Novice: 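Supplied in structure tokens, the structure appears directly below.
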Amino acid sequence: MTEALVGEGRGANGAALVEMTMQQAINRALDTALREDPATLVFGEDVGRLGGVFRVTDGLQAAYGQNRVFDTPLAESGIVGLAVGLAMNGWRPIPELQFDGFAYPAVDQIVNQMARMHYRSRGAASMPITVRLPSFGGIQAPEHHGESLEALFAHVPGLKVVAPSDPNDAYRLLLQSIRSDDPVIYMEPKARYWDRRQVVLDGARAQAADTGGDPIGASRIARPGRHATLVAWGAMVHRCLRVAELAAEDGVDLEVLDLRWLKPIDTDGLAASVSRTRRAVVVHEAPLTAGLGAEVSSLITERVFCDLAAPVQRVTGFDVPYPAGPLEPQYLPTIDRILLAVQRTLEF
Amino acid sequence: MTEALVGEGRGANGAALVEMTMQQAINRALDTALREDPATLVFGEDVGRLGGVFRVTDGLQAAYGQNRVFDTPLAESGIVGLAVGLAMNGWRPIPELQFDGFAYPAVDQIVNQMARMHYRSRGAASMPITVRLPSFGGIQAPEHHGESLEALFAHVPGLKVVAPSDPNDAYRLLLQSIRSDDPVIYMEPKARYWDRRQVVLDGARAQAADTGGDPIGASRIARPGRHATLVAWGAMVHRCLRVAELAAEDGVDLEVLDLRWLKPIDTDGLAASVSRTRRAVVVHEAPLTAGLGAEVSSLITERVFCDLAAPVQRVTGFDVPYPAGPLEPQYLPTIDRILLAVQRTLEF
Amino acid sequence: MQTHAPPGAGSTPDRTGALPAESARRIYRDMLTARLLDTEAIALQRQGVFPAYVSLRGQEAAQVASAAALDRDRDFAFPTYREMAVALTLGVDMVGYLASHRALWHGGRYDPIASRFGSINAVVGGPVPHAVGWALGERLRGETGCAIAYFGDGASSQGDVHEALNFAGVFGSPVVFFCQNNRWALSVPNERQIAGGSIAARAAGYGMPGITVDGNDAAAVHNATRSALDRARSGGGPTLIEALTYRLAPHSTSDDTTRYRDRGEEHAWQERDPLPRLGTALEEAGHADTAFFEQIEDGARAAVERIRDGIATAPPPAGSDLFTYVYREPTEELARQQRLWREEVEP
Amino acid sequence: MQTHAPPGAGSTPDRTGALPAESARRIYRDMLTARLLDTEAIALQRQGVFPAYVSLRGQEAAQVASAAALDRDRDFAFPTYREMAVALTLGVDMVGYLASHRALWHGGRYDPIASRFGSINAVVGGPVPHAVGWALGERLRGETGCAIAYFGDGASSQGDVHEALNFAGVFGSPVVFFCQNNRWALSVPNERQIAGGSIAARAAGYGMPGITVDGNDAAAVHNATRSALDRARSGGGPTLIEALTYRLAPHSTSDDTTRYRDRGEEHAWQERDPLPRLGTALEEAGHADTAFFEQIEDGARAAVERIRDGIATAPPPAGSDLFTYVYREPTEELARQQRLWREEVEP
Ligand SMILES: Cc1ncc(C[n+]2csc(CCOP(=O)(O)OP(=O)(O)O)c2C)c(N)n1
Ligand SMILES: Cc1ncc(C[n+]2csc(CCOP(=O)(O)OP(=O)(O)O)c2C)c(N)n1
Ligand SMILES: [Mg+2]
Ligand SMILES: [Mg+2]
């Protein structure tokens, strides 16, 4: 494995603290999973010899062999279908779909098969599959190489959906997803792959129960604050933290809630935060209409209507396709737009 | 054509008034489109000789020949891909996907191709495609034969999405969709196919401009009321009308807003209704989480927050797969659940 | 269609003799039981017990004789929605199987893992890649099980089937692709479905054997399937079998064949009914006599009766089942919705 | 891989002689221009003008010689993301084409309908069914245009390509499926991509001719494409052509081939570079001399310079373009969002 060992130390319960990028953290989580559970398999397009287009699977084939880590032909529906069959035969597949926009060809296998097989079989066939999906924009990529499919997946019964925002969460949430006996869509924010931070490598077991960590579905207060809650996930968490810093200069104290799990959503966490701050702005990259921001907004409004000093604001991508290069920054929620929404909610 | 001519009469501007089922009304609209525009083509699985599994295309192949109305091989992605190519060559395709649950294999062609080709080509290639999709539950069908995909499609930039609730709207909205130069997902509520009502057959032209009718995106007040607004589409409109009747017996006067267009959504119409009634309940069949009800709820809340006497209530399917036979009525929003939500909003 | 030229003409009616007597008799028994159960199921639909049913009438040889080649301890079958006779042959609990047609549970109410017969799957083409994955899983574990994927002529048009064939070829998965070409995909005949006219001919393009068999000839089906399984089991990789047969009944009980096909065609295929054909062959080979047929028929009738009684008394699904099986590890949100259901809906 | 056995060995280097001199010279000119433009594009990426670029180096014969067989008044080409030389041959505005690599607009900034060359399409396999639809549209209108669908060896694994082949066969669409098998799909070689090893071999399964050509032999490619187009135009239906070639450059400027393939392999293919090969053949056939080559090279350099200048001065897209092309008939909701963008974002 290639992460730098600078900054290595020891955490609370003796776990190693290593500074690494998110891409390395995901690689490390895959390595852990492959090591600890011989039923895990990593496969997809170019994940073997190449180590993935983002090098997330770098070195894994060399370490675990072609039977555990392998390239597939170029067919996303086939990849997920393969995972379903492997799961029915007792394996714990971790397929990668190379880019968000290429998850669409696999939607039928994801929705009609993977997400429903446990239900259809009345619990006889479990689907412990983690679909890794490099997601979201921010890198001015070619068409289909930067998209946000969380609303689609969050609507599908039987799926769980998660999007980490930093290396430490990327590590833990991936292990949590892999160890879950339910199918999980694990959305990796490409724009944060090179973000470098400390990661608690708690060895063979990073699961909630073992580490006293959060259960599946738990959100995280990325920054506590009093005047309004910014709700975000993936790369937008960092943008919101930046907004909070800027707002702080004007004496506005923003809370940033990293939703993390997009299905199930931490309604209690949302309600607790917003009942304190009385104001909320939800931020996401995906287009506005029928985006997950609508769900977050509705959940908050349903739960803490009487505490709300203003309607929940949504700052999102516009209802247009993710655009090319120089237009992408104008499509994605800008710091200004988020600040303006904060102002609107404060002045409501 | 097979609709009964009983009840035939003349409408305001001399248009024929004919009583027919929704399935006949759709058939009639297709007939009108095929007759008036030689660029229209009807195709899909079993739409030709058989006339479709719901007989919606009955008689069309006989009337317009195998070049205009034809069966395709059994492949939904291929069907939509074919439509895209035909549209690029100047045709106006009206493909049918046989059942909602079988739209999933076509999602890539719908989202990555059909919905984006106009944008990708900077307006050079228009996509005047109307995808007919028998939709929603209520007929206790086999798996995949009753589903609600509107949230998925409403989230996709470049698409328009519509769901009629009665024969007259089915007729007009289909013609409007076909004549639109943008791609439209036309969701037919199967459970209402045999609903029989008067339809205004305004001859060759039933378009908004010609008939003084509503433009694309307009909702409809299916029943005016004062105490709360029920928002619904497809088969749920009728359920809401029934709820309104029952509520009226208790002196509660409910407005029922038939949203009709699920993209674009008639925000003005929603706001106008709810700013009067101050209370809203949105009802849909699809699962709760990230369903279109969240969007409707958010739009209302954003627009008329100060007028709202209670948070918008959502009464929806549960976050589970559409179940088999006897469980379906327990999955779908029941009259009781809607009434209880009305009560909650009134007593809030 | 060349593929559906009358198979009777040139074929030797007693190729059944190629089957060991015991196999042939067992296959006949299961085919007869399937036929009677199929007939019963249609009756149950007419009586309103089943909201709908999809008959396999005419395809008994294709289904039973192929399934009979499977090793029930090692292999695994991936069905569509029409493989009732495969289920029967593999010993699946038929009350549980028919629970799907009774609309008690999508996918049926049997344990697909224990039965080694996947849940009933209504997505045309959808389960075929699962067979490839399952089979690859066997190979990776160093075991010897094979998967068989059943699908129809219409399904052959689906991209998923192509992707599955290609994956199987690339990975050398021990899988048998078993296509029942019953000439019709609902109302669409082979001519408008299958470019080139032969599904078996597709196999060569994936570097695997493509076998066309008379799907109404139980012995031919059985032998072809057994060879393909042997080949797969010994590391030879996948095989595609196209069994030419005919859907004697409508697509489903809701279908009306008069809209799209000739009675004449149906009658011609009626005469190639695989069931009497195997019966005659058994008799001619001296493997069966009147006593045998009587005994078999009694047994089949008794079995069908037991299943019918089971169906009659099959309990409806509990309302709470709506929520029970969505996740292996339930979520708090779904538990909340279940509480709501209990308060507002539970009858 | 049998498919990629050195084509040089047995093949006659001067099959080019089979081309009329004028065609051969034009093809050479376009190949050379494409090569120079490709080289320039890589330089532009290094200079930071293009965020990324996908080189077609080594595939010039496959692209130019096939495109040169099209009738620019009637036919229509459906490209992937690597068909720059096809665009060039068809006379597409290359500044508009390269606007995609400059990240000014997904799909490029040329008119695909007027150019008879679809928008650049990054979904592997996705545009192939469009070609079938477009071609069917010609037939339905009683016209004589043909479509050509370009796709790669990796794309052949996609279900969409299979569905397209089958549809084309069933409808008899006048379409040519043109696969550039450049041996690699990013890092995955044919051996792990193509069950059976031959994409052309798939054609028989759809009842259409499957032609394997040496993709680095311009004449062979041109003739095969012309025959396929003639066949399609005269009602003979679709053809699948597999042009065996090689991606000499990395998958894209972001790729690192040392992780997955041998330099030796690259060198071997370098020696089968289609460009000098055609040049030599032209010379040997007496169709070209030094003066010709100098003139062609000057012309090509001048063309590339014009394109480079065009790229340098290509205006960035207007921010409002975000909204302009989403619909043909704009919605009020999107107009509202555009107003918001104007107030809160517009620079
Ligand atoms: C993906 C998908 N599309 C459409 C359908 C609707 N449908 C059900 S069966 C059928 C025909 C299937 O034909 P075939 O594959 O030949 O199987 P058969 O019914 O003849 O056994 C169709 C179109 C479906 N179930 N799944
Ligand atoms: C549907 C889809 N899946 C994955 C990708 C990512 N991707 C881009 S190119 C490529 C390899 C394509 O190989 P091939 O079809 O042989 O074309 P080539 O690049 O060799 O021209 C991959 C995996 C994509 N663009 N589209
Ligand atoms: Mg069939
Ligand atoms: Mg390639």
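A quick note: this is a predicted structure, and the numbers were derived from the prediction, not measured. Naming: A, B, ... by sequence-line order, numbering from 1 per chain.
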Novice: Do B/Phe102 and A/Asp108 touch side chain to side chain, with heavy atoms closer than 4.5 Å?
Specialist: no
Novice: Within a strict 4.5 Å, meaning less than it, do heavy atoms of the A/Phe348 and B/Cys306 side chains meet?
Specialist: yes
Novice: Going by the ring pair (Phe, Tyr, Trp, His ring centres under 6.0 Å) test, which pairs reach into residues 270-294 of chain A, not counting sequence neighbours?
Specialist: A/Trp233-A/His284
Novice: Less than 4.5 Å to any heavy atom of chain A: does that hold for the side chain of B/Ser148, its backbone, both, or neither?
Specialist: backbone
Novice: Indicate yes or no: does A/Glu295 engage B/Arg314 in a salt bridge with an N to O separation below 4.0 Å.
Specialist: yes
Novice: Which value, rounded to the nearest 0.5 Å, describes the distance between A/Thr289 atom OG1 and B/Leu159 atom CG?
Specialist: 11.5 Å
Novice: Which one wins on heavy-atom pair count under 4.5 Å against chain B: A/Thr301, A/Asn112, A/Leu308?
Specialist: A/Asn112
Novice: Can you tell me how far NE2 of A/His155 sits from CG of B/Leu149, rounded to the nearest 0.5 angstrom?
Specialist: 7.5 Å
Novice: Between B/Arg116 and A/Glu143, does the side chain to side chain contact (heavy atoms under 4.5 Å, CB included) criterion hold? Intermediate values first, please.
Specialist: CA-CA 10 Å; B/Arg116 289 199 200 164; A/Glu143 195 179 3; 3.5 Å; yes
Novice: Do you know which of B/Glu150, B/Glu147, B/Lys263 has the most heavy-atom pairs under 4.5 Å to chain A?
Specialist: B/Glu147
Novice: So which of B/Ala294, B/Ala106, B/Gly317 has the largest heavy-atom pair count under 4.5 angstrom toward chain A?
Specialist: B/Ala294
Novice: Examine whether an atom of B/Arg303 lies under 4.5 Å from a heavy atom of chain A, and if so say whether it belongs to the side chain, the backbone or both; otherwise answer neither.
Specialist: neither
Novice: With a 4.5 angstrom heavy-atom cut-off, which part of B/Ala115 approaches chain A: side chain, backbone, both or neither?
Specialist: neither
Novice: Report the distance from atom OH of B/Tyr104 to atom CD1 of A/Ile110, rounding to the nearest 0.5 Å.
Specialist: 11.5 Å
Novice: For chain A, which candidate among B/Pro323, B/Ala151, B/Pro287 shows the most heavy-atom pairs at distances under 4.5 Å?
Specialist: B/Pro287
Novice: What option among A/Ala286, A/Ala310, A/Ser77 has the most heavy-atom pairs under 4.5 Å with chain B?
Specialist: A/Ala310
Novice: B/Glu76 versus chain A, heavy atoms under 4.5 Å apart: side chain, backbone, both or neither?
Specialist: neither
Novice: Of the backbone (N, CA, C, O) and the side chain (C-beta and beyond), which part of B/Val296 lies under 4.5 Å from a heavy atom of chain A, both, or neither?
Specialist: neither
Novice: What pair of heavy atoms forms the shortest contact from A/Pro157 to B/Pro321, and how long is it?
Specialist: CB-N, 3.6 Å
